[in-house]
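Here's the structure we're looking at; comments come further down.
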Amino acid sequence: MLGFSAHITRNNISAPLFLHLEQQFHYHSGLHVCKPKNESHIAVLGSRFVAMASSLRSLVHDDSRYQKSFQLFLECSSEHQCMRDFINNILPDILASIGDGKSHLNVIGVGSGAGEIDLEMLSKLHLQHPGVTVDNEVVEPSSQQLLNYKVLVSRTPDLEYINFTFNKMTASEFEEDLKRKKMIKKADFIHMIQMLYYVKDPEATVSFFQSLLDKNGKLLIILVSGESGWGKLWRTYRSELCNTEISQCVTTGDIKSFLDSSGIRYQNYTLPSQMDITECFSEGDEKGELLLDFLTEVLDFSKTASPELKAGVLELLRHPDCSVESNGKVIFNNNLEVIVLNQLT
Ligand code: SAH
């Protein structure tokens, strides 16, 4: 356990990704400066990089630019498609094994966003357990996302079997809330998809939600894979690019090390995914600059990063460790990984 915390703190500090970050910004307001935390790394890099790092602003400071770059990321990547493939091809078998014959199932979605992926999973759950009613708790701190989720529910037919409870809170607020109310909440299916970057202690969060699992329950986690281009980028440039107070640069590699060291068994599946980053290499290209902001999580990266940092990041992004080049395109490795946990025995 301790080993994992230390690992997260030392090695996996980085920028937030894939999300609508205005809410994060509010939760952590006051902690806006990107400061390298790793002392030995600082010594190696020298003062030039340290000074530069603190002058870079996080993309979260400009929500409209964040949203634009996030949308562009979705258009240029197979992020959502690879999740859908998993939901269609693999998830049904996982869901079939939950519930232990009960007529009512409890589901918790943590960091559900606008709920598109949640509803797709719930529909697979329904197919596997027809006639079973579902209590679906949504834990999502962004009011905008909760609103989007509610609108989606209101527009989606045939959801009568589900009772939705919307909790406008973070994962840790949800935990505190349960503890304060001394409630014993047991769940058959819990998911946290692309959200563990935004909790202070990913290890503790996983452990807490795993402790809520009922008999045959499953906890599903999706994050970028440690082997993805993101993993490589984060391992190389975390000190320069990251705001450790806002997010953890955690990959499934880190979660798996923690689980392995704690002797916790899990299943895992890699979801191959790609992102076309070709435009990042055309100086002055608007799309390229937005994508670079998303990749580095730095606001106006091209204009504000030092020439050395910019050159280093661009070189790494097209390096075979991160991308493949074919037909004039640079395709970044955006692989995700799913981890599935059972109830602790
Ligand atoms: N699961 C969705 C959304 C992922 S984006 C999907 O894959 O499509 C990450 C989501 O986590 C955002 O909606 C964000 O508001 C939410 N989030 C951020 N910090 C959180 C926290 N501490 N606890 C729970 N959710 C959080």
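This structure is a prediction, so every number in the text was calculated from the model and none was measured.
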Side chains of L295 and M275 in contact at under 4.5 Å (non-hydrogen atoms)
yes
Which residue pairs pass the salt bridge (charged side-chain N to carboxylate O under 4.0 Å, His left out) test when at least one of the two sits in residues 215-228, sequence neighbours left out?
D100-K215
Qualifying residues under side-chain hydrogen bond (donor to acceptor under 3.5 Å, both in side chains), relative to E116, sequence neighbours excluded:
none
Mark yes or no for whether D254, through its side chain, and V250, through its backbone, hold a donor-acceptor pair below 3.5 Å.
no
Going by the rule salt bridge (Lys or Arg N to Asp or Glu O under 4.0 Å), which residues pair with E283 if we only count those two or more places apart in sequence or in a different chain?
K310
Would you say the side-chain atoms of Q210 pair up with the backbone N or O of N342, donor to acceptor, closer than 3.5 Å?
yes
Which atom of G131 lies closest to which atom of H126, heavy atoms considered:
N-CE1, 4.3 Å
Which residue is it: I331, V330, D276? I am looking for the one with a side chain to side chain contact (heavy atoms under 4.5 Å, CB included) to S323.
V330
NE2 of H319 to CG of L314, rounded to nearest 0.5 Å, is 14.0 Å
Would you compute the distance between atom CG of L178 and atom CD1 of I184 and round it to the nearest 0.5 angstrom?
10.5 Å
Interatomic distance, OG1@T252 vs CZ@F258, rounded to 0.5 Å, equals 14.0 Å
Drop me the distance from T205's OG1 to K200's NZ, to the nearest 0.5 angstrom.
11.0 Å
Salt-bridge test for D214 and K102: reply yes if a basic N is under 4.0 Å from a carboxylate O, no otherwise.
yes
Apply side chain to side chain contact (heavy atoms under 4.5 Å, CB included) to the pair T251 and W230, showing each step before the final yes or no.
CA-CA 9 Å; T251 69; W230 296 102; 5.9 Å; no
Salt bridge flag under 4.0 Å for residues D135 and K185
yes
Is H80 close to L74 at the side-chain level, that is, under 4.5 Å between some pair of heavy atoms?
yes
Reported OH-to-NZ distance for the pair Y266 and K256, which is rounded to 0.5 angstrom
5.5 Å
Any side-chain donor near an acceptor of the partner, E137 and N106, under 3.5 Å:
no
Is there a side chain to side chain contact (heavy atoms under 4.5 Å, CB included) between M83 and F86 once you walk through the steps?
CA-CA 5 Å; M83 286 183 196; F86 170 79; 5.6 Å; no
Side chain proximity check, H129 to L105, heavy atoms < 4.5 angstrom:
yes
Do the side-chain N and O atoms of N335 and T270 include a donor-acceptor pair separated by under 3.5 angstrom?
no
Going by an N to O cut-off under 4.0 Å, is there a salt bridge joining E173 and K168?
no
Between D188 and H104, the two heavy atoms sitting closest are OD2-O, 4.1 Å
Hey, does V298 have a side-chain heavy atom less than 4.5 Å from the side chain of L59?
no
Does atom NZ (K150) have a neighbourhood of more than 12 heavy atoms from anything else shown, all under 6.0 Å?
yes
Using every non-hydrogen atom in the two residues, find where T278 and G328 come nearest and quote the distance to one decimal.
CG2-O, 3.4 Å
Between S78 (side chain only) and Q81 (backbone N and O only), is there a donor and an acceptor less than 3.5 Å apart?
no
Consider only side-chain heavy atoms of I, L, V, M, F, W and Y, link residues closer than 4.5 Å, and tell whether L341 and L344 are in one cluster.
yes
Taking atom CD of E325 as the centre, does the number of heavy atoms from other residues, nucleotides or ligands within less than 6.0 Å exceed 12?
yes
Between E337 and N268, do the side chains contain an N or O donor and an N or O acceptor separated by less than 3.5 Å?
yes
What closest approach, in Å, do D285 and G288 show between heavy atoms, and which atom pair accounts for it?
OD1-N, 2.8 Å
Under a plain distance cut-off of 3.5 Å, with no hydrogens placed, do K232 and N333 share a side-chain donor-acceptor pair?
no
Kindly assign one of parallel, tilted or perpendicular to the pair F294 and F70, based on the angle between their ring planes and the thresholds 30° and 60°.
tilted
Measure the shortest side-chain to side-chain distance between N136 and N163 over non-hydrogen atoms and say whether it is less than 4.5 angstrom.
no
Assigning hydrophobic clusters by single linkage (Ile, Leu, Val, Met, Phe, Trp, Tyr; side-chain heavy-atom cutoff under 4.5 Å), is F281 placed with F73?
yes
With under 30° as parallel and over 60° as perpendicular, where do the rings of F209 and F174 fit, or are they tilted in between?
parallel
Stepwise side chain to side chain contact (heavy atoms under 4.5 Å, CB included) check, L125 with L91
CA-CA 9 Å; L125 182 67; L91 189 66; over 6 Å; no
Given side chains that start at C-beta, do those of K179 and E175 come closer than 4.5 Å, heavy atoms only?
yes
Validation row: L291, C76 side chains within 4.5 angstrom (heavy atoms):
yes
Backbone N or O of G231 within a donor-acceptor pair of the S228 side chain at under 3.5 Å?
yes
Is there a side chain to side chain contact (heavy atoms under 4.5 Å, CB included) between S112 and Y149 once you walk through the steps?
CA-CA 8 Å; S112 290; Y149 197 142; 3.6 Å; yes
Search all heavy atoms of C82 against all heavy atoms of S273 and return the closest pair with its distance.
SG-CB, 3.7 Å
Using a cut-off of 6.0 Å, state whether more than 12 heavy atoms not belonging to K186 lie near its atom NZ.
yes
Rounded to the nearest 0.5 Å, what separates atom OG in S302 from atom CG in D293?
7.0 Å
If I compare all heavy atoms of E140 with all of L146, which pair ends up nearest, and what's the gap?
O-CD1, 3.4 Å
Does any non-hydrogen side-chain atom of V107 lie less than 4.5 Å from one of I190?
no
Parallel, tilted or perpendicular: which one describes the rings of H191 and F189, with boundaries at 30° and 60°?
tilted
Does any N or O in the side chain of D300 come within less than 3.5 Å of the main-chain N or O of K303, such that one atom is a donor and the other an acceptor?
no
